[in-house]
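Note that the structure is predicted; figures quoted are calculated from it, not measured. We name chains A, B, ... by the order of the sequence lines, and we start the count at 1 in each one.
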Protein chains: 2
Amino acid sequence: MPRAHQFGSADRPVTINDIAAACGVAASTVSRALNNPGRVNPATRERIEAAARELRYVPNSQARALSSGRTGAIAVLVSDVTNPFYFGVLRGTQQQLKAAGYAQLLIDTEDSGELEAELLHKMRRSLDGAILAASRLPDKALAKLAEEIPLVTINRNVRGVPSTIIDTPAGIHQAAEHLISLGHRRIAYVSGPERSWPNEARWRAAQDVAARHRLTFTRVGPFPSGRGSGPAAADALLNTGVTACIVFNDLLAIGILQRLRERRVRVPEELSVVGCDDIFGADFCHPPLTTLTAPIEQAGRVAVSMLLSRLDRTTAPTARQSVMLPVHLTVRGSTGPILSS
Amino acid sequence: MPRAHQFGSADRPVTINDIAAACGVAASTVSRALNNPGRVNPATRERIEAAARELRYVPNSQARALSSGRTGAIAVLVSDVTNPFYFGVLRGTQQQLKAAGYAQLLIDTEDSGELEAELLHKMRRSLDGAILAASRLPDKALAKLAEEIPLVTINRNVRGVPSTIIDTPAGIHQAAEHLISLGHRRIAYVSGPERSWPNEARWRAAQDVAARHRLTFTRVGPFPSGRGSGPAAADALLNTGVTACIVFNDLLAIGILQRLRERRVRVPEELSVVGCDDIFGADFCHPPLTTLTAPIEQAGRVAVSMLLSRLDRTTAPTARQSVMLPVHLTVRGSTGPILSS
DNA sequence: CTGAAAGCGCTAACAG
DNA sequence: CTGTTAGCGCTTTCAG
């Protein structure tokens, strides 16, 4: 027995009014039954829910947003969709957002702080919040935006803005100890983009360990993060005479590895390379990359949780403002003992 | 001289009414001036635009959507965000959508046709259209959904649904010719997910070339596409006694390469491997993968163009229903002549 | 616990 | 060319 009118008698989408009519109640009661199930008579609620199912009611999120102010959409801003680092982030945010019934708006800021600010400002009314995974915004601009719209950052620490930080700097210590224990003394840090917050944090950490071991690390760069910078970075590196390097991130490290291969520089025999992040590809490049494994997906999940808990008025606003996620060193083939030749 | 009231005198978002009041015109005129600039007196339009800028007016997309039906959002559905194949797609769609002023909703269907259909159905009112990159839906379900909401598919051909097809099957011929010219006679096709449309198309193409050369290709699999399937696929492959294989996609191929390395099977000396797609990683895995380079990003861009032209009522609906994008073989280190031992 | 009524901000006829 | 008038579908007071 086919049901003829799934979409309402005029073949137009079912609204709460249709349900109200079908149940002989007011539209407002339907709205309540569907949203605040507690504040409605269980019996009528049952009827309403049944009718809604029967009619295949699908709420109109636009209308809901218009009157309630909540849109059910969260933006995730990345600086470059093609950077595999974000795969993990997106996977994490995706999972949590879907579980919580939110839609994920993916925004590529193309590494531009201006674009980032403009887009966020324009979209602030159509978003319940945003996750900034790699903001290029100055601290002040970021803090100001955070007043317009709930924000959580990943790998970016700004007063007053909740953040999920991957503690790669701590890992830099591990990485450096690893290299030093292998006999390396002349070590370089290959720098990523200048205005990148994690880049600066990593460099500071590198200087720390260096000092502790009475060494001085050479800084090479900055380079835009991306495999494309590999050749320039590798060539610069070779001029420094170091025997090992820690690279801002895996993407750049892989680019360097490729260039070194081209130039017949053997890794790790002539040069040890450590990356950061452990992205897709770090384990199957050649040689496999020793790197700081970051809980990237978890970072995405945590960021979403923090954001959602902020949106939820019922929870105390005492939630931690910053969560720090640990990394660990994963040793693969790109690092080895210094040659005693 | 700081401007105190950017957000309206009550510090609430500026609406067209504020602009209307400021200019002494009706709200509808403001709406027209901003949307159909042609249908309004140039002079008043100027004034309105100036006021809008002055007041930093940002349209409320929810309200607009509610009354106009257009939401300004396009969904891009992928079967698994972490599959690098989609990076390119997302990059392409991202570019075009942003240029056209649309927001991109990223949806991960987790390889489930049911989830895909459900999500699309639920969100159809909040979307202007959707791009299906790797639908797991049966043809009928897909065709039905296409009546609810404007759809464009990538790598999936269904009657009545516009599509962007990457012509990997044609490339399979190139790949096979390449292997055959290197002396290979026993060749396998390593199959991807059973319900994947491109997988079937590639297998058919493989059988075609085989027949033309009076050969028979062995089919191995199916395997879920992903590096995780590498070990199983590689082991199965080694049992067949083939000297070369064409693999459903690069992700799987890279997984296979890793496993072969573990098992000390030399590539390409003992086994030549060809992938499909040329994803991120195909050029730096070990050995670098010979593969069919697909214009992935372009596919994303084209899909968006097709979708947008469908949405635009002014263009004739005579737009091509299907665009075919060519691929080419990129020979790298994973294929070589058969050993004449 | 439920109904009536008033919008949310914008667009889209329809008159003028 | 422009103003008036209705809503779009839903939430949210405010009464009852």
We want to know whether [X] and [Y] form a side-chain donor-acceptor pair, criterion being a heavy-atom distance below 3.5 angstrom.
{"X": "A:E110", "Y": "A:S79", "result": "no"}
{"X": "A:Y57", "Y": "A:T15", "result": "no"}
{"X": "A:T153", "Y": "A:S135", "result": "no"}

[X] [atom1] to [N] [atom2]: how many Å, rounded?
{"X": "A:N36", "N": "D:dT12", "atom1": "CG", "atom2": "C1'", "value": "10 Å"}
{"X": "A:R32", "N": "D:dT13", "atom1": "CZ", "atom2": "P", "value": "11 Å"}
{"X": "B:R45", "N": "D:dC1", "atom1": "CZ", "atom2": "P", "value": "11 Å"}
{"X": "B:I19", "N": "C:dT11", "atom1": "CD1", "atom2": "P", "value": "11 Å"}
{"X": "B:Q62", "N": "C:dG9", "atom1": "CD", "atom2": "C1'", "value": "10 Å"}
{"X": "A:N41", "N": "D:dG16", "atom1": "CG", "atom2": "P", "value": "22 Å"}
{"X": "B:D18", "N": "C:dC8", "atom1": "CG", "atom2": "P", "value": "11 Å"}
{"X": "A:L34", "N": "C:dT2", "atom1": "CG", "atom2": "C1'", "value": "15 Å"}

Short side-chain N/O contact from [X] to OP1 or OP2 of [N], under 4.0 Å:
{"X": "B:N17", "N": "C:dG9", "result": "no"}
{"X": "A:R64", "N": "D:dT11", "result": "yes"}
{"X": "B:T29", "N": "D:dG3", "result": "yes"}
{"X": "B:T44", "N": "D:dT2", "result": "yes"}
{"X": "B:S31", "N": "C:dT11", "result": "yes"}

Nearest-neighbour nucleotide for the A:A26 side chain, D:dC10, D:dT12, C:dG3 considered
C:dG3

Ranking D:dT11, D:dG3, C:dC8 by distance to the side chain of B:S28, first place goes to D:dG3

Closest-nucleotide 5' rank along DNA chain D - winner of B:L66 and B:V25
B:V25

Strictly below 4.0 Å, N to O, side chains only: are A:R136 and A:E114 in salt-bridge contact?
no

So, are B:D139 and B:R159 salt-bridged, with charged N and O less than 4.0 Å apart?
no

How would you label the contact of A:R70 with the nucleic acid (heavy atoms, under 4.0 Å): base, sugar-phosphate, or nothing?
sugar-phosphate

